Amino acid sequence: MKNLIKKVRCRTLLLLTFLCTLLSMSAYGQDGFTVSGTVVDEFGVPLPGASIIEKGTTNGVVSDFDGNFSFEVASQNATLTISYIGFEEQQIPINGNDQINVTMQSTASTLDEVVLVGYGAVKKKDLTGAISQVDAAALSDQSTNSVTDVLRGNVAGLSIGLSASPKGTSQIRIRGNNSLSAGSSPLIVVDGMIYNGDLSDIAPSDIDKLDVMKDASSAAVYGARGASGVILVTTKRGTSDKPTININTSVGMASDAYKERPYDAQGYVNWRTEVFKSINPQNTIDNPGRYDDPNNLPSGVTLDQWLAYDGSAGDPTRAWLNRIGFQDVEIENYLAGNSINWYDRIMQKGFRNDINTSISGRNGGLNYYWSIGRTSNEGIINGEKFEALRSRLNLDAKITDWLTVGMNTQFAKRNEGFIAADRGQIERSSPWGSEFDDEGNIRLSPQDDNGAGAVNAFLAQKFNDRIDLDHTFNSRVYAKLKLPLGFSYEVGYANRLEFREYYNHASAASPQNVVGSAERQVTKINEWQLDNILRWDKTIDKHSFNLMFLVYGEKYQSYFTRARANTFEPSDALGYSALELGTVQTVDSEDETSTGDAVMTRLNYNYDSRYLLTMTMRRDGYSAFGTNNKRAYFPSIAGAWTISNESFLIRNLLIS
């Protein structure tokens, strides 16, 4: 009996629970669930205008002036997403609670992010100079063709031109043009190495962060070369313990953004007619309709009268075209109805393709990143193209607790030996001209004006054979030693090798050439840099000291040789492969060597995260400086006051 009573009670309880659940579901289905609360910061100050949204929907409200909010959500198990500018986003499950009070945490962690300041790094909150940082990883969803594309529009005060070339690199200015004769481009530093190579050798997908030094203190860090600002490029490292493979690829099209188009075939005829009327006004007055189409003469002018103006006979259309300066080839094409749209013939939609594959990771004390990529970009002009093969290897190894070594290596091969059509001939070439003659040979001029006006836009493509290859190798090896009493020492050696080959042969078969000509150019560059850095980091009570001392040396050497020849006998069939067959031969060369050294010291002082002071002094020496001014000094001093860390300001915030 007792067991029976227990079973009845249990079933009754289950039934009541089931009925309550149904009632609850019914009530919820009819009325939803109302949730209220308050949003404040870590000091308890209300945050008006905070966004509170039901996750996964567009249902939401904003907090009022006192930080209060109240709205209806679809379920008591919903999750709220709360966001406010300058604070970390929070996601809070309701879990049946109708009162949700939220304390937002400021994104002060961004102030703890590290920015490069040249031969070192500081936290953003301890920064005294004008430095902007771009997180290249955050732009990974954008199609970037070069380093300049990563920077464009992301740094205040940075001016970057727009290049329509398939290479894509553009001119960079940080503080405008600041020299009448010297360059105004900023100094580029890649992973601690002063970079004198081509920006197109750096794959955008290999970049982790970019720090832009915009104030005058950059000259105190890098000397005269930093006078136009400095761009510090940090490439990627391994971020996970397991190997990570990334494949980045982009495909696109490039088209001409210039909307103006030359006259079409009929528009060109009308234009020629108006030109002759304007330059011969008296003829137009004395001979009405002289330059008009004989099929559309003015009222009162007969065809016989019109022909008699200059004694023309025969086909009136041919006579008219002669009057407006048409050449024979233009007349024949007009009568046959054959015309060429030179814009469509010379311009094109350029196909662009970029692919980069990388593998990275961390294993014990080893951090590695290796990438290889290929770029193949067509330009907007027929024949215009750029190809590049790039690879990067970054290694960092922690040998012991006091010794770390590493290597940053970059290899690139650029191919710029492509010959584009002459875009300028779009406006110069007559749409009634011909690209080829009756035998199929390319014409010197589409309208046979002997090159006085237009030249065939494809002559260079047809009769030039060109190779333009550039191989570059940049590498920096370093070692860091941790010493007692807060001292550390770093030595780095960087080397850049560049080898460029340029061969070109202009065939004697070209109607533009009297004789064939060819040339060979070879350029070799060898450059090294050596930096020794001693650092001291020490915190005593509320006083923080960061002292850095640099001793730097560099050497640059280049070797250039050029050989030319023309008037080949018996022929120029071998082109640049047999310059010795040229009747006229010339050879010239140029070698260049320069050296430099520097000593630099910098002190960063921080008191209680409130008062900041940075003092820098650099002495530069360069072999190309004037005889009486072989060395120059570059001092800098900067200070900052973090008022938000003052106790009186914090108290006022708490009271308010």
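Since this is a predicted model, take the numbers as computed values, not measurements. The chain is numbered in sequence order, starting from 1.
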Any non-hydrogen side-chain atom of Val233 less than 4.5 Å from a side-chain atom of Val189? no

Please tell me whether Ser250 and Asp354 have a donor and an acceptor in their side chains that are separated by less than 3.5 angstrom. no

Are the aromatic ring centres of Tyr222 and Tyr119 under 6.0 angstrom apart? yes

I would like to know whether Leu534 and Met548 meet side chain to side chain contact (heavy atoms under 4.5 Å, CB included); could you show each step before the answer? CA-CA 6 Å; Leu534 181 66; Met548 188 271 290; over 6 Å; no

Above 12 or not: heavy atoms from other molecules or residues under 6.0 Å from CH2 of Trp536? yes

So with a 6.0 Å cut-off around CG of Asp401, is the heavy-atom count from everything else above 12? no

Going by an N to O cut-off under 4.0 Å, is there a salt bridge joining Arg500 and Asp468? yes

Relative to each other, are the rings of Phe545 and Tyr605 parallel, tilted or perpendicular (30° and 60° limits)? tilted

Can you find a pair of side-chain heavy atoms, one from Leu612 and one from Thr642, that are under 4.5 Å apart? yes

Run through Asp206, Thr244, Ile359 and flag the one making a side-chain contact (heavy atoms from CB on, under 4.5 Å) with Tyr369. Asp206

Could you grab the distance from atom CG of Asn367 to atom NZ of Lys398, nearest 0.5 Å is fine? 12.5 Å

Output, in order, the C-alpha distance, side-chain angles, deciding distance and verdict of side chain to side chain donor-acceptor pair (under 3.5 Å) for Asp208 and Thr235. CA-CA 5 Å; Asp208 183 33; Thr235 57; over 6 Å; no

Whether the side chain of Glu89 engages the backbone of Ser83 through a donor-acceptor N/O pair (distance < 3.5 Å, no angle test) should be reported. no

In short, Ala420 meets Ile381 closest at the heavy-atom pair CB-CG2, 4.1 Å

Do the charged groups of Arg476 and Glu490 touch, with an N to O distance under 4.0 Å? yes

What is the minimum heavy-atom distance between Gly582 and Gln585, and which atoms define it? O-NE2, 3.0 Å

Distance-only, no hydrogens or angles: does the Glu498 side chain make a donor-acceptor pair with backbone N or O of Thr523 under 3.5 Å? no

Passes side chain to side chain donor-acceptor pair (under 3.5 Å), Ser589 versus Arg562? Steps please. CA-CA 6 Å; Ser589 61; Arg562 176 171 53 198; over 6 Å; no

Donor-acceptor check, side chain of Asn606 to backbone of Ser609, threshold 3.5 angstrom: yes or no? yes

Please find out if less than 6.0 Å separates the ring center of Tyr478 from that of Tyr493. no

Which class fits the ring pair His543 and Tyr607: parallel under 30°, tilted 30 to 60°, perpendicular over 60°? tilted

Nearest 0.5 angstrom please: Ile172 CD1 to Thr148 OG1, how far? 6.0 Å

Do Arg496 and Thr472 meet the criterion of a side-chain donor-acceptor pair at a distance under 3.5 Å? no

Does any N or O in the side chain of Thr595 come within less than 3.5 Å of the main-chain N or O of Ser623, such that one atom is a donor and the other an acceptor? no

Examine the side chains of Asp201 and Gln410 and answer whether a donor and an acceptor come within less than 3.5 Å of each other. no

Do we see a donor-acceptor contact under 3.5 Å between the side chains of Asn408 and Arg237? yes

Is the ring centre of Tyr576 less than 6.0 Å from the ring centre of His505? no

Nearest 0.5 Å, please: how far is CZ in Arg602 from OG1 in Thr614? 8.0 Å

Given the rule in the side chain to side chain donor-acceptor pair (under 3.5 Å) test, do Ser475 and Asn495 qualify, once you have shown the distances and angles that lead to the verdict? CA-CA 5 Å; Ser475 182; Asn495 190 258; over 6 Å; no

Arg362 vs Asp396, test: salt bridge (Lys or Arg N to Asp or Glu O under 4.0 Å). Steps then yes/no. CA-CA 9 Å; Arg362 297 177 300 192; Asp396 302 284; over 6 Å; no

Assess whether a salt bridge exists between Asp597 and Arg631, defined as any Lys/Arg side-chain N lying under 4.0 Å from an Asp/Glu carboxylate O. yes

Answer yes or no: does atom NZ of Lys630 have more than 12 heavy-atom neighbours from other residues, nucleotides or ligands under 6.0 Å? yes

Rounded to the nearest 0.5 Å, how far apart are OH of Tyr556 and OH of Tyr622? 8.5 Å

Nearest heavy-atom neighbours spanning Thr539 and Ser544: OG1-OG, 3.4 Å

Looking only at heavy atoms, which two atoms of Ser577 and Arg520 are closest? And how far apart? CA-NH1, 4.2 Å

How long is the straight-line distance from CG of Asn546 back to CG of Leu603, given to the nearest 0.5 Å? 8.0 Å

When rounded to the nearest 0.5 Å, the distance separating OG of Ser228 from CE of Met213 is 13.0 Å

Could you go step by step and tell me if Thr601 and Met615 meet the side chain to side chain contact (heavy atoms under 4.5 Å, CB included) rule? CA-CA 8 Å; Thr601 183; Met615 295 186 295; over 6 Å; no

Quick one: do the Asn504 and Arg466 side chains pair a donor with an acceptor below 3.5 Å? yes

Work out which heavy atom in Ile231 is nearest to a heavy atom in Pro186; give both atom names and the distance. CD1-CG, 3.9 Å

Would you sort out whether Phe499 and Val522 count as a side chain to side chain contact (heavy atoms under 4.5 Å, CB included), showing the intermediate values? CA-CA 7 Å; Phe499 183 73; Val522 176; 3.5 Å; yes

Just by distance, no angles: are the side chains of Tyr489 and Asn532 close enough, under 3.5 Å, to form a donor-acceptor pair? yes

Would you check, one step at a time, whether the test ring pair (Phe, Tyr, Trp, His ring centres under 6.0 Å) holds for Phe386 with Phe418? CA-CA 7 Å; Phe386 172 77; Phe418 302 95; 8.7 Å; no

Carboxylate-amine/guanidinium proximity below 4.0 Å for Glu592 and Lys524: no

Side-chain donor-acceptor pair present, Arg390, Thr375, cut-off under 3.5 Å: yes

Show the numbers, then the answer: is there a salt bridge (Lys or Arg N to Asp or Glu O under 4.0 Å) between Asp588 and Arg564? CA-CA 9 Å; Asp588 61 290; Arg564 295 172 173 173; 5.2 Å; no

Evaluate Asn377 against Lys385 for side chain to side chain contact (heavy atoms under 4.5 Å, CB included), listing each step before the verdict. CA-CA 6 Å; Asn377 290 341; Lys385 195 173 182 180; over 6 Å; no

Can you check whether Ala598's main-chain N or O pairs, donor with acceptor, with Asp620's side chain at less than 3.5 Å? no

Would you check if the side chain of Gln557 reaches a backbone N or O of Glu527 as a donor-acceptor pair within less than 3.5 Å? no

Show the nearest heavy-atom pair for residues Gln348 and Glu384, with the distance to one decimal. NE2-O, 4.2 Å

Less than 3.5 Å apart, any donor N or O on the side chain of Asn248 or Ser205 sitting next to an acceptor on the other? no

Any chance the side chains of Asn356 and Thr249 put a donor and an acceptor closer than 3.5 Å? no

Is a side-chain N or O of Thr169 found less than 3.5 angstrom from the main chain of Ser200, in a donor-acceptor match? no

